[in-house]
There are 2 protein chains.
Amino acid sequence: MEITSRSAQLIAYETIREKIINGAFPGGMKLVEVQLAEEIGVSRTPIREAIRRLEQEGLIKRKKVIKPSEKDLRHMFQMRTLIESHAAKMAATYMSEKRIVQLRSSIHLAQRSNTEGTVKANKEFHDLIVQECRNPIMIETVDKMQSIIYLFSKTVVVHERPLLLEEHMKICDAIEQRKPELASSLMEEHLKADLEFTLNIVE
Amino acid sequence: MEITSRSAQLIAYETIREKIINGAFPGGMKLVEVQLAEEIGVSRTPIREAIRRLEQEGLIKRKKVIKPSEKDLRHMFQMRTLIESHAAKMAATYMSEKRIVQLRSSIHLAQRSNTEGTVKANKEFHDLIVQECRNPIMIETVDKMQSIIYLFSKTVVVHERPLLLEEHMKICDAIEQRKPELASSLMEEHLKADLEFTLNIVE
DNA sequence: GTTTTCTGACTTGTATACATTATTTAACTC
DNA sequence: GAGTTAAATAATGTATACAAGTCAGAAAAC
């Protein structure tokens with residue numbers, strides 16, 4: 001069997017998404033169907049569908065690439081905090097030993113990687129915890145917001161926040177020691193610090 | 001100026017949505033583009049867009065009308081609980097006196113209405129509290145799930161749960177007396193009871 | 001009788017032409 | 001020169017034809 005050629009729609013979706021994420025399409029930019037169609041080499045139809053999809057994902061709003069305001073960011077972090085602190089509580093209660101090992105190794109990986117690797121390992125840390133809420137709706141919600149937050153802090157260079165790893169370690173400890181309330185409130189503080197840092201970078 | 005004629009897409013969206021909600025398109029039903037196009041009297045293009053939109057809204061999944069499982073329902077209620085108990089806490093802290101009056105009157109309205117009015121008034125109660133989280137993302141998330149939950153419990157006749165109004169009153173009291181933690185945990189229990197009732201109706 | 005493969009109908013995906021709406025610009029009035 | 005309006009232009013919305021893919025049922029093989 002051959003590689004099934006990706007559909008025009010998928011190509012369009014991935015191309016546009018990529019360009020938004022890596023900054024080629026900056027925040028606020030108006031997306032015009034015919035232009036994109038030419039550029040990507042498909043007709044307008046799949047472009048439209050791709051745009052709808054990205055609209056749903058929150059990366060496009062009324063044909064414009066989103067440019068989240070400080071307020072938007074706060075709202076997203078609030079939502080994340082609600083879910084992730086809940087997830088941390090669940091993790092402290094139910095996470096398997098094996099998973100905890102994985103969690104700890106994501107911290108170690110972050111310590112000895114280059115910038116890109118660190119970013120990835122830190123995302124892994126959060127993802128592992130979020131998984132423990134075992135609720136697909138919550139997981140998807142966090143995922144969606146992470147893309148947008150990432151986009152936002154990516155337009156600026158990726159900075160590494162000083163105390164980040166220490167905080168991850170403390171959270172990991174709390175989970176390992178089966179202290180749900182502690183894990184939850186540590187996560188809350190962690191995300192709060194993250195938000196403030198993100199906002200400070202920008203201005 | 002005349003009434004601006006609604007776009008084909010809007011007509012398609014509203015028509016299909018309505019039919020899903022009122023049960024004309026039952027859970028699991030396959031939606032075929034050409035059929036809908038003929039039935040509604042527009043071309044396939046706006047039908048597709050309408051379907052995408054409803055897919056995003058969660059009412060359609062892979063061209064089929066959703067039929068949420070018990071597990072899905074539990075997940076949605078969990079997410080709602082997280083947000084609404086947070087909102088209740090916020091309400092107890094910040095809700096204006098004027099709004100609290102509105103809240104109480106939604107309870108009274110529910111007491112002396114017919115079935116349909118009661119359902120509406122009870123939704124109003126929850127909406128008023130959810131508003132107090134002042135976070136558009138959370139508000140939208142709850143909205144989306146409410147449609148689906150409503151759809152689910154609507155296919156069965158609308159039952160009225162015995163203690164529902166008493167619970168609403170207690171929550172309202174807690175908010176009025178500015179007891180955030182109490183309001184929050186009452187809301188949590190309230191939704192838990194609601195879920196169990198909903199699940200019991202069905203089987 | 002069961003499984004497999006082929007055929008054809010049905011459905012969705014894509015391109016494109018045309019219609020409608022929104023936006024820009026240019027001219028004109030004051 | 002500011003503001004208004006009309007025309008031109010561009011962009012999106014809609015219909016439709018055609019392509020590609022999917023699926024069900026009939027025919028064939030075992």
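The chains referred to below are lettered A, B, ... by the order of the sequence lines, with proteins before strands, and numbering in each begins at 1. Bear in mind the structure is a predicted one, so any value in this text is a computation, not a measurement. Only heavy atoms go into these numbers, but all of them, side chains included; no hydrogens, no water, no symmetry mates.
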Colleague: Pairs of donor and acceptor atoms involving the side chains of residues 34-44 of chain B, under 3.5 Å and at least two apart or interchain, shall be tabulated with distances.
Modeller:
from  : atom 1 : to    : atom 2 : distance (Å)
B/E39 : OE2    : B/K19 : NZ     : 3.0
B/S43 : OG     : B/T45 : N      : 3.3
B/R44 : NE     : B/E33 : OE1    : 2.9
B/R44 : NH2    : B/E33 : OE1    : 2.9

Colleague: Between B/K144 and B/E140, does any side-chain N to carboxylate O distance fall below 4.0 Å?
Modeller: no
Colleague: Ignoring hydrogens and angles, state whether a donor on the side chain of A/Y13 or A/E18 is under 3.5 Å from an acceptor on the partner side chain.
Modeller: no
Colleague: Check the distance between D/dT14's P and B/I51's CD1 and give it to me in whole angstrom.
Modeller: 15 Å
Colleague: Can you tell whether the side chains of B/E176 and B/K170 come within less than 4.0 Å, N to carboxylate O?
Modeller: no
Colleague: Considering only D/dT14, C/dG13, C/dT11, which nucleotide approaches the side chain of B/V32 most closely?
Modeller: C/dT11
Colleague: Hey, does B/L31 reach any base, or is it just sugar-phosphate, or nothing, if we go heavy atoms under 4.0 Å?
Modeller: sugar-phosphate
Colleague: Tell me the interatomic distance from A/K64, atom NZ, to D/dT12, atom P, rounded to whole angstroms.
Modeller: 11 Å
Colleague: Quick check on the helix from C/dG1-D/dC30 to C/dC30-D/dG1: what's the angle between its two end axes, five base pairs per end, to the nearest 10°?
Modeller: 10°
Colleague: What's A/V42 touching, base or sugar-phosphate or nothing? Going by heavy atoms closer than 4.0 Å.
Modeller: sugar-phosphate
Colleague: Is it true that A/R53 and B/E55 make a salt bridge, defined as a side-chain N closer than 4.0 Å to a carboxylate O?
Modeller: no
Colleague: Report the residue (B/V34 or B/T45) whose heavy-atom-nearest nucleotide on DNA chain C is the more 5′ of the two.
Modeller: B/V34
Colleague: Send over the distance from A/R6 CZ to D/dA20 P, rounded to a whole Å.
Modeller: 18 Å
Colleague: Counting just side-chain N and O atoms, does B/S43 come under 4.0 Å of either OP1 or OP2 of D/dA15?
Modeller: yes
Colleague: Mind checking if A/Q9 touches a base, just sugar-phosphate, or nothing, with heavy atoms under 4.0 Å?
Modeller: sugar-phosphate
Colleague: Measure from NZ or CZ of A/R80 to the centre of the six-membered ring of A/F77, then state whether that distance is under 6.0 Å and the direction lies within 45° of the axis.
Modeller: yes
Colleague: Out of C/dT12, C/dT14, D/dT12, which has the shortest distance to the side chain of B/K30?
Modeller: C/dT12
Colleague: Heavy atoms, side chains only, cut-off 4.5 Å: are B/N122 and B/L165 in contact?
Modeller: yes
Colleague: Whole Å only: how far is the CD1 atom of B/I47 from the P atom of C/dT11?
Modeller: 14 Å
Colleague: What integer distance in Å separates B/L10:CG from C/dT21:C1'?
Modeller: 15 Å
Colleague: Between atom CD in A/E33 and atom P in C/dT21, what is the gap in whole Å?
Modeller: 16 Å
Colleague: Rounding to an integer number of Å, can you tell me how far B/R44 CZ sits from C/dT14 P?
Modeller: 11 Å
Colleague: Atom CD of B/E38 and atom P of D/dT16: how far apart are they, to the nearest Å?
Modeller: 12 Å
Colleague: Could you work out which one of C/dA15, D/dG13, C/dG13 sits closest to the side chain of B/R52?
Modeller: C/dG13
Colleague: Pick the nucleotide of DNA chain C nearest each of B/K63 and A/G41; which residue has the one closer to the 5' end?
Modeller: B/K63
